[in-house]
Structure formats: C-alpha cells, structure tokens
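The sequence lines fix the lettering, A, B, ..., with proteins before strands; numbering per chain opens at 1.
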Amino acid sequence: MQASARIWRHFDIWLLGAVGVLTIAGVALIRSAVAGNPELIELNVVGRQALYGLISLVVLFAVAAIDYRLWSAISRLLYGLMVLLLALIPIAGVAGFGASRWFEVATLTVQPSELAKILTILVLADYLGRNRPEALGTLLKSFALVALPAVLILSQPDLSTAVVLLVIWLALVWAAGVRLRSLAILLGAIVLVSLLVAPLLARYFLERYPAGEDFLFLRNYQMTRVINFLFPHPQESFGASYNVEQALISIGSGGLLGQGYGSGTQVQLRFLKVRHTDFLFSSMSQEFGFVGATITVLLLMFVVFRCLRATRLARDRYGSLICYGVAILLLFQASFNVGMNLNLLPVSGLPLPFLSYGGSSLLTSLLGIGLVESVMLRHKRIEL
Amino acid sequence: MNQHSTVPAWRLRLTLLAVGILLLVFIGRLFNLQVLQHATYSSRADDNRFDRISIPAGRGVIYDANGSLLVRNLPSFNVYITPANLPDSDAEIEAIYLRLSEITGVPLDQQGPPAAACVAGRGIRQLVEEGLTNRPFDRWPIACDIDEMTARILRQQQIDMPGVTIEAVPVRQYPTGVLTSAVIGYLGPIPAAQVDFWESLGFLPDRDKVGYGGIELAYQNILAGTNGLKLVEKDVAGAQLHEVGPANPAVPGSSLRLTLDTRLQAIATTALQNRMEFLNRLAGDVRTSIGAVIAMNPQTGEILAMVSIPSYENNRLARFIPEYYFRQLSEDATRPLINQAISLSFPPGSSFKMVTALGALNEGIIDPNRTLFDPGLITIQNQYFPNDPGKAKDFVCWKKDGHGNVDFVHGIAFSCNVYFYKIGGGFEDEVPGGGLGIDNLNVYARALGYGSLLGIDLPGEEDGLIPNPEWKRLNLGESWSTGDTYITVVGQGFVGATPLQVLTSIATLANGGRVMWPHVVRDVLDGEGNLVQRFEPCVLWDIGDGVLIPSSEIAADCPSLPPDVRELLIAEHPESPDILLGPGVLDLVREGMRLVVEDDEGTAHNYAQLEGISSGGKTGTGEFCDDTAFRRGLCIPGNWPTHSWYTAFAPFENPEIVVVAFVYNGGEGAVTSGPIVKQVLEAYFQLKAIDAAG
C-alpha cells in the first residue's frame, strides 16, 4: 500500500476538477430545468442526480485505486457479463418510452447498455492490446466482438447506443494502429452495402414509410427524425420539429450573458421539452448565455483533452487504448448532444456527459474517468 | 516497451485536431445563435410566452333629441367551464356537470357537430372535451344568454363548482325596437372576409360585434371606442401567470344624441301604418306594404323623424342573429332591411314639377301672369314625321276635361300637367323654343338635390336618376324626343328620386334656396353625457346666389362635417349649381305651393290643410310599372298604378318643419299621403306647444 500511496501524486486533479464542476453544474441545471414540472419534482430528480453523483464519485475513486490491468485479466468474464445482461433485458427489463432498456434494482433503474459502453472499451482495448492490429483478422474479430452487444442493444431498440459502440470500435482500431488500407477496404465494404441498401431504402420511402412501417432494424420514428432533420417542414411548429425549434429559441434568446439561473423563460414556462436530459444544454444556454455555453463546451473539451493526454502518457497499450476509448466516448456523446441542441445534427437520445439527468449515464462517465485516473496513477514505471 | 505500446502520435494529433475543429464549430454556432441572431430568437421566445389580451371597450349608447334612450347595453349572462380548473376526481366533475345541466337545461351528454361558441346542440361533456383537448386553460362557453335568475342561482352555487364561471357580457337593447330600427340599425359579428381589417383596428373577431346597419354602422368608429390591451405571461399549457407591464386601458366608445324626436317618430309611424292598413282593407288585398315618412327642419337639415315600412325588430338581432329570421328578412321582396326613405328611388311624379316651375320661371320661359290653356289633352307631332298623324302622340292632364286657362301659381296649385308640358317642353307657337328643355331641367333638378347623393349620415343612400339625352342614348340607344321631355318635366318616365331627395327639394324652396346637409346625429357625447362634438348645420349650397363655389370650399365652411361625408360630397358635387335666381322667383314658386293647400281647388286642399297654421306643399302621383306590379297585372296602358307622394312645410312664412310621405302603390298623392303629412305637422306643433308649456 506504500506504493499506492505514492502513486496518488500522479492523480490528474485538473481532470477531476473539471469533471466535478460539470457534475455539480449538472445537478444545479437539472434543478432549474425541472422547476414547474410536478411529476419530476415528485420523483425527486434533483436529489437522485446528486445521489448518483456522490455514488459515481466513490466509484471513480474506487476504480482509480484499482490497477486497471486487473480488468485485462478478467476481460473474458467482463465480456460474458455484458452479453448476459444485454440478453436478459428483453426478459426482465422494464419498458419505458417505447423501448425496454432498464433493469429495476431496488428503486433505482439501471441501464446495462450504458455500462456496455465502458465494458466494450475495456474488452476491445484488451483484445487490440494483445493482438497485432495490422492484421486484417484482428480487425474483423474485434468487429465481431462489438457486433454482438451492438445488435443486442439495437434490438431494444436503441440505435444511438449501438452507434456509440461502433464509434468506440472504430476509434480503438484507429488508435491501435490499424492499417489505412484495411480501413479503406472496410469503407469500400460500407459503400457496397449502401449501394445494396439504397434501392431498398427508395422503395421503403415510396411505399412503406407513409404506411408507418419500419425499415429493417430502424423504427419508423427514427426514420421520421432523420427526415425531419434533413428536410424540416417550414410551417411545422407543433409537430416533430417542435423540440428542436424550441431548443434554438432557447439558445438564441439566451444572448451573451443569459437570462439568469432559474429565469429562462423557455425553461421555466416549459416551452422547451425534455429539458433535464436531451435538451439540458439548451436550457443552460438560455439561462447562462453565450458565455456560460462556451465555458461548458470548453470544459467538456478540456476533459476530453485530459483523457487524450493520458492516452499519450500511459505506460502500456492497454491503458493507452482505455484512455483513448473513454476520450472518444465522451467526445462523441458530448458533440452529438451539443450538435443536436444546436440543430447541427439530428435528434437522438444521447445524453450530455456529466450534465444530463440519468444515473447510469453519469456513472458510466465517471467510471470512465476513474479508469483514466487509474491509468494516470500508474503511468510511471519506476514508482512501482 | 516498444513504440507500439501507445497510440501513434500522429493519430493522436489528428484526434486533437478534430477536438479543436469541433470546439470552433460549436462556439461559432453559439456565437451566431446567441449574439448575432439574439434579437430574432428573443422575440420568438417572447411570442411564446406572452399573450396579448384584448380588453373590451364599452360601446356608446344613443339618445334621441329629448334625451330618451334609443340604444342601451344590457348584461347577458354566459356560463363557462375552464377544463383545467375542474376538480381532479371524476365523480366531482360528474356532479358539477349534472348540476349545471339541471340549472341551465343544457343536456349532459349529447353528440353534435362541432360549431361556433354559443351554438346549442352539444352536451356539456362534449363541450368540455373540446375545450380540454384544445386549450384547457381557456374558458369554454357552456350556456349563453341564460336568464338573470338562473345566473344568480349559479353565482351562489359557483363556490361549490370549481372551474365554472358566470360572466356578464354586454348586449345591445333597443327600447324603441322596430320604431327606430331603420335609423338605428343593428350589430352583427365581424364577417370572416373582414377579419384582417377589424383585427388591425384592435377588434377581437370572436367577441366584438360591429355595426351592420343604420347609425350602428355609420357611426361604428365613434360608438365602438378602442379596445385596450394587456400583456400576460403564460406557460406552455396556456395557463396565464401574471400581467406584464402596464395595461393599455380600453377607451369606451362615445354616445350619440340624435336629432330624431321619438314622439314624432311614433306619430309618423302610426299615421303611415294606419293609412297603409286603410288602403289594404279598402282593396281587400295587400295593395301596399312599402311606405316612408321623413320630417326635417328645413332651416338646419336635422331629421326629426324617419319612418321606413316595412322594417325589422332589431332586438331580435341583438344577442345573435337568428338564421331563420335573418333569411326571412333578406328574402322578403319588400326588403325590410332597407331604409326605404333613403335607399330606394321611385318616380316622384308631380312633386318634381317644382323643378320645372322654378326653372321655367327663372329662365324667363313663361310670364307668371300669362295663362296657358289646358284642354285636358294636347297632341304633339313626331318631330321626325311632322305630317304623319299616326305617329303623333297625345299627352293628357290628370283632369280629363282640363283646367282651362291656368297661370303660373295655379299651374302649381292644380298640378296642371298640360301647363307643365308646355313650359317644360315647349308647345307649338304658344311656348316656342322648346320651353325649359331637358338640359336646363337637369341643371335645376340637380340644384334642388335630385340625381345625386346628399351625404346623409346613414348608410345606403341612393342617388336616383335625372335622365338626359346622353343618358338615353347610352342606356337605351334611342334619341331624346320632345315626348321624353314632357314626361320628365312632370316627374315621370325615367326620373327616379328617393323620399329624402323629394323632401330636400321642397325644403330648399321653403327655406329660401339653401340645400341643407340632412343628418340624424346632432351631438357626440362622452360617458357622462358631456358634449364632445356637435354636428352643426351645413349649407351644401345656395341655389340662387349665382356663384360657382367648389365643393371643397363648401366643405371647409362646415368644419363639423364627418370626414367620410365630406369626401362623398366633394366627389358627388364638384361645384355648386350655376344659377342666379331672379328677384321674386322663389316667392312665386312658394306662393304656388301655398295655393296647393290653401286654394279651394288646390290638389291638397281637402286633405292636408292645417287648422290655424299656414303651410305649403306639393302633391305627387308617380306612375310606375315595376316587376311586382307587372306580375300582378296592374300595368294597364294609360292606367298604370301610382305611388302616392305629398310633401309640405309649415308655417308657410317661416318654415320650421318639412314632411314628406310616400306610399308605394298608394294611389293619388293628396288622398293617401296628404293626411299622413297633415297628422305629422299637427303633431309637431302640438308637441312644440307641450314642450313650450312644460
């Protein structure tokens, strides 16, 4: 334990600081966002998020204390656990909002697909760390590793988390040093598949979409979202593009300094929907303005930057890939959420890391940070 | 470890570059939305949260000349349910519905087609359901115009019925009803086609009503006032939270005091009605159903009474316009919604001879002392076939045997057709040169107010018609003949005039040649009855001054003319008539009118002579053959049906009142209309005496 006491000198206090500020800010923003919504207040959303934050912080330190190489040793076990949990969802899961994604444990609901993100990072990092990334076999096998949980998640259905898994895979094979030629082959394959899918898609839109039918694994509502993003209806203000429209109004009306905490009209009078989760960024932008929004984006990117720094400093490839995976996970989710709020990207259920309401999401993010800290604590060989 | 141990540096650097680019994109977008487009989004956020609530302005009331109320506002009670304020439990809601249904009589549960507010047909449950799914925080009318007793019962029980409100909205009440409806008019909802226009003036289409006829329409702007406005913050569900900023208060509409005397109006109505009923009973058939009486002060143009029969009960249109009643009124061939006194023109008959008389005398066509011979019938040759007796045309006097030798004043007194044919259209060598002629006749007719609008402050004034050769060529494709002049000078043929125009022509001769602006509103009053504005009498023009005055100048002399009337008059009359009345001309014309009443053989002598008060007048019996008469087979050549006219002023020396009576298909002027005018004149002087004594 003597050694472990010394390694805490390498603890990235800047990373923790940024994460802490974001998490606390998240609780405060959720408090403002749910004001006037009796149901959410009754659920004590704010208290729950604070509690999740505390639990997650403990988890962060615990994970940081544990040598990350331990996870490498039990990688197969972790993978098996993940697949099992995801497979159990259709049997024992709780349905909500038209999809079953949650387990109910005591009064808390747990979302295994959130955990799957971290577990995928750990498993992939281990696999890519052990095998030659240049080999095409490694690439294909690693894809197969991700494909199984991704398909399970897709069947919940949860498109965005499945996409996140694929992004993690792509990021890790890229970071592991996959050959560009292999990537090119992969891209070629994707183009080929697209060409095969295109006629199907065309037929679908002409015949089956208007009838409200689904397209392969994409549900009709998901198609509608994509269409609404690509071709917004100019007169439609109460239909599907209402949320995005209200988000833009919220952000734009925030101005330079914002309308003040708890005083955002779009937020407090509930014109902005799903304010405490998907559109928390819009809510914050109205109350804290350009300055607050910019600081938030900078803080998020700063966290990503510290993770990438850990990637560079890590003593082995496993640790390095873990840090990279966490960095990309946070970067992708943050960018997608902010991009969606700014109407640069289509609406998806991806939460804003650290800030959006959701215990599983917060836990996953802090767990990831814990892993990064764990890597940082042990990046100097001499001290062991 | 080897260099493969960590992520390749260039791939890491590329990742960092991606992070940097994303950062720039996001901050750039934020800057664009929050700083550059801030104003746009800010106003859209305000549009979201602010409701502009219109505060209704009270509508002004209307008094008659003596201060009696002709229009007032009464509360009408409506029951509303605000779905969002109903209790939570279904049982309690059900209990409220049940009680409301018992008290108001609206069915509890009844399906029906969606309809506008206040239209019966659906049950309480269906009405609330509609409200709940649309705007749950708005009030939805359940029962409209319930009686006051029910409203009081509901008010008391309201405390036990959350979500239920009772509100009094003002509706118009017309105490004098059908007696004054042609002048007062009525209100109606804002028509769909005009919603934008009224909204731009601050009116609320679903709530506010606007004038549809009479003074309610003509003085809409003055009566209506200006709605106020307050800004209210609401949440996404539409619940109003609080007022924002100071409210812009409503400015109540002004009230009006008319020149109309309701007592005289009632007497005139009764006189006309009785006379028409008498005729119908005599004929054993509906001989006439249209008539009009107007009484005016010839010195000021103030209308003292204006009766139009048939009319309508404007109280039945006050709360809402019942479809069946309105359709009945609109489809009635006698057009009860039209003010017959100003909106329809009829052949004026002999009343129009005053134009001919004035013109011929002033133009020197005839020496007033010279007599012309009336054999009862004169024949004129066709001017294109002077030697073909078959094409010659006979013109008869109303008196078959003729009046013999007739001078100027007796020509008027006897209403001698042949005398007027001769001076109006010329006759052989007796009156050479074509007499007064059609062109001069036009000048004098227009000078006396025929053929154009007089600008009365009521909607729907008709301009009538004075034919001339050009008009005939354009409309009938025929040349003007002496025969046309003959029938025109006696007010037949194509001549069309409203009762108001006939009245104005006689009033002008009576008051010394001034055409007065006819008007029914004297004063604009504020809510406390203080005078805001007075519509002063206005001389439109003087027929005899011989000066050409542009109408813009005339209008300038009358600063209190309503602006729309001013514009109309300038458009209608570019300049005053170019006539110089010779000395004594008017006196002789007036003397003729005195003899109509006073001479033993004057046409109105037996019907309209007043006791103790001198008067002058002119009868008119206008032959007509319109669609109705034609269908009923009344148009027998040489014996057409006739409208009855009589117009008189009194006292003769210094006239205070001029009255016209018109009865459609009323037969001879003096017989039918004379007594009506006589009754009105007598009543006027009696009322005057009463007022002086009281």
Side-chain angles (χ1 to χ4, degrees), chain A residues 36 129 132-133 171 174-177 245-246 248-256 258-259 264-266 268-273 285-286 289-291 293-294 297-298 300-301 304-305 308-309 311-321 323-324 327-328 331 334-335 338-339 342-344 381, chain B residues 1-51 84 88 133-135 137 231-242 244:
Chain A
R132 287 182 58 239
W174 158 268
E245 200 57 35
Q246 293 304 323
L248 281 184
I249 293 173
S250 306
I251 296 170
S253 61
L256 191 62
Q259 299 186 349
T265 57
Q266 289 282 102
Q268 305 303 324
L269 302 176
R270 309 195 300 283
F271 291 102
L272 183 65
K273 298 295 171 192
S285 298
Q286 188 180 33
F290 176 67
V291 171
T294 304
V297 173
L298 282 173
L300 283 166
M301 292 308 179
V304 172
F305 170 75
L308 289 175
R309 175 174 167 271
T311 306
R312 186 167 52 81
L313 295 176
R315 62 184 290 196
D316 55 16
R317 202 150 71 148
Y318 181 53
S320 180
L321 287 178
C323 294
Y324 192 79
I328 295 303
L331 176 67
S335 303
V338 172
L342 293 173
N343 199 22
L344 298 169
R381 245 165 289 171
Chain B
M1 284 200 120
N2 58 28
Q3 65 185 64
H4 275 145
S5 67
T6 57
V7 176
W10 70 274
R11 297 197 178 198
L12 208 51
R13 252 181 263 128
L14 220 57
T15 312
L16 275 172
L17 185 67
V19 172
I21 289 172
L22 280 174
L23 203 57
L24 283 180
V25 168
F26 289 155
I27 293 176
R29 174 77 170 163
L30 280 171
F31 186 77
N32 180 22
L33 290 177
Q34 299 194 284
V35 179
L36 301 182
Q37 296 192 58
H38 171 60
T40 315
Y41 284 110
S42 229
S43 71
R44 288 186 61 186
D46 285 347
D47 286 348
N48 267 346
R49 71 186 170 116
F50 289 138
D51 252 353
D88 286 336
T133 46
N134 282 293
R135 293 182 299 278
F137 285 93
L231 221 53
V232 169
E233 196 177 58
K234 58 158 192 211
D235 70 8
V236 69
Q240 290 171 9
L241 303 171
H242 55 85
V244 181

Approximate separation, where rounding is to 0.5 Å, of L33(B) CG and I249(A) CD1: 11.5 Å
When rounded to the nearest 0.5 Å, the distance separating CG of L23(B) from CE of M301(A) is 5.5 Å
Suppose we screen for ring pair (Phe, Tyr, Trp, His ring centres under 6.0 Å). Which residues come up paired with F137(B), at least two apart in sequence or across chains? none
Report yes if some heavy atom in the side chain of L308(A) is under 4.5 Å from a heavy atom in the side chain of L12(B); otherwise report no. yes
If we ignore angles and hydrogens, is there a donor and acceptor under 3.5 Å between the side chains of Q246(A) and N48(B)? yes
Report the distance from atom CG of L344(A) to atom CZ of R29(B), rounding to the nearest 0.5 Å. 5.0 Å
Under the criterion side-chain contact (heavy atoms from CB on, under 4.5 Å), I'd like the reasoning laid out for D235(B) against Q268(A): C-alpha separation, chi angles, the key distance, then a yes or no. CA-CA 8 Å; D235(B) 70 8; Q268(A) 305 303 324; over 6 Å; no
Could you tell me which of L298(A), L321(A), V304(A) has the largest number of non-hydrogen atom pairs under 4.5 Å with chain B? L298(A)
Identify the heavy atoms of S320(A) and V7(B) that sit nearest to each other, and give their distance. OG-CG2, 3.2 Å
If one checks every heavy atom of S285(A) against chain B at 4.5 Å, the contacting part turns out to be both
Can you tell me how far the CZ atom of R309(A) sits from the CG atom of L16(B), to the nearest 0.5 Å? 12.0 Å
Nearest 0.5 Å please: distance from the CG atom of L269(A) over to the CZ atom of R49(B). 7.0 Å
Just checking, any donor-acceptor pair under 3.5 angstrom between side chains of Y324(A) and T15(B)? yes
Results of ring pair (Phe, Tyr, Trp, His ring centres under 6.0 Å) for F290(A) - residues two or more places apart only: F31(B)
How about S335(A) and F26(B): do any of their side-chain heavy atoms sit closer than 4.5 Å? yes
Under a 3.5 Å distance rule, please check whether Q34(B) uses its side chain to pair with a backbone N or O of S253(A) as donor and acceptor. no
Check each atom of L14(B) against the heavy atoms of chain A and say whether the ones under 4.5 Å are side chain, backbone, both or neither. side chain
Answer whether the closest heavy-atom distance between the side chains of Y41(B) and L248(A) falls below 4.5 Å. yes
To the nearest 0.5 Å, how far apart are CD in Q286(A) and OG in S42(B)? 8.5 Å
Just so I know, are the side chains of L331(A) and L22(B) near enough to count as touching, which here means a heavy-atom distance under 4.5 Å? yes
Could you have a look at R11(B), R44(B), E233(B), Q37(B) and say which one has the most heavy-atom pairs with chain A under 4.5 angstrom? R11(B)
